[in-house]
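Here is the structure we will look at, set down as structure tokens.
Values below: all heavy atoms of this structure, side chains included; hydrogens, waters and symmetry mates excluded. Both ligands and their constituent atoms are indexed starting at 1 by order of listing.
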Amino acid sequence: MKKLFALVLALALALSVAACSGGASTTPAPSAKPSAAPSAAPQKLIKVGFAQVGHESDWRTASTKSVQAALSKEKGFDLRFVDCDNNSAKQLEAVRSFIQQQVDYIVIAPIVSTGWDTVLTEAQSAKIPVIVLDRTIDDSTKYVTWIGSEFTNEGLAAGAWLKDYAKAKNIKDLNILVIKGTTGSSAEIGRTKGFEKIAKENGWKILDQQDGNFTQDGGQKVMESYLKSYKDKFNVVVCQNDNEAFGAQDAMKAAGVTYGVNGKVILISFDACKAALKQVLEGKINADFQCNPLQGEFLADAIKKLAAGEKVPAKTYMKEPWYVAEDILKSITYTNNAGQTVTEPLIKVTQAIADAAY
Ligand code: AHR
């Protein structure tokens, strides 16, 4: 009897210990619905201020779309976008406003390459890392990384192509008009430097170089003025972007000057946007040297790495092919801006290539 009493006591004790351990409270009452899985804490969005150059070209539109797609809310970003309308004062103001908003990162596509050190010092004091996109900043190193194009190589490649093309077509004299991009932008500085180097080495005559501000309207106006001063004196027009080339074409058409594969003027352009590659396909632009605007994913990747405390490369160069209208040259060889001799393919544009372009 004593043994039976001790057994009942031990059993009661064990049950009471189990009830106090908390395990029982996780068991739902028979009538309760199964509890939903605890919802994940809302992800904190990374605040990014982006001071974009403006909306001057097809290239710029593609650049903006690329950044907006890569830095979307769904991908974990709170993107604050400012179109600076090609106005440097507005761009500095945008950066200062991002500092006030205490964003996590500031991205700048600089209109011009100088005038940056003061505002970058302010960002540094506010402990906001700055990332430079597209064009370079040349008077300050107070940014963590840069993603963009080797503009000098684009200019060198255009010159190397013209040299070989003129030889293949037996054109002895080259009289060149250049429609430059925005003065003081690294895209203009680099393309000018690269092309001038080859022009000098080959004794070509650059008759004039004026600023078309990377716009169609600017390209047309500069070409109209060139046509007044240099009619019948030039056989090459170099436009530092596609939109300027569209404007130059309009001006030449109106003046009865023919251009392209079957024309009197060799037309060279940069960017290689969809509308321009269609023109290369039709022989209305002879060669187009790509500047790649699809930088958004590289930017998102860099920001995520920085947010995770990882290192990012100081510079990321975009890959950029060279497009031509004719089959006569397969490649160009030149000394690039890093001093290396490179041989790069020339791609004859097809309908599929033009359709796939940005
Ligand atoms: O900085 C890139 C240049 O800027 C592109 O060539 C031009 O189209 C744009 O406006």
What protein heavy atom sits nearest atom 6 (O) of ligand 1, and how far off is it?
D271 OD1, 2.5 Å
For T121 and K142, does a side-chain donor sit closer than 3.5 Å to a side-chain acceptor?
yes
Whether E282 and K278 form a salt bridge (side-chain N of Lys/Arg under 4.0 Å from carboxylate O of Asp/Glu) is what I want to check.
no
Q68 side chain to S72 side chain, donor-acceptor N/O pair below 3.5 angstrom:
no
Test of understanding: with salt bridge (charged side-chain N to carboxylate O under 4.0 Å, His left out), list the residues that count as partners of D288, not counting sequence neighbours.
none
For the residue pair Q91 / N87, report whether a side-chain donor-acceptor contact shorter than 3.5 Å exists.
no
for atom 9 (C) of ligand 1, nearest protein heavy atom and its distance come out as E56 OE2, 3.3 Å
Return the OG to CD distance between S140 and Q124, rounded to the nearest 0.5 Å.
7.5 Å
Do me a favour and list the nearest non-hydrogen protein atom to atom 2 (C) of ligand 1 with residue, atom name and distance?
D134 OD1, 3.3 Å
Does ligand 1 come near enough to W59 that some N or O of the ligand is less than 3.5 Å from an N or O of the residue?
no
Should you measure from each heavy atom of R135, which atoms of ligand 1 turn up under 4.0 Å away?
1 (O), 3 (C), 4 (O), 9 (C), 10 (O)
Closer than 4.0 Å to some heavy atom of S57 - which atoms of ligand 1 meet that?
7 (C), 8 (O), 9 (C), 10 (O)
Answer with yes or no whether R191 contacts ligand 1, where contact means a heavy atom under 4.0 Å from a ligand atom.
yes
Pair listing, ring pair (Phe, Tyr, Trp, His ring centres under 6.0 Å) test, anchored in residues 188-225, at least two apart
F195-W204
F214 heavy atoms, cut-off 4.0 Å: which ligand 1 atoms fall inside?
7 (C), 10 (O)
Which of the atoms of ligand 1 are close to A187, meaning less than 4.0 Å from one of its heavy atoms?
1 (O)
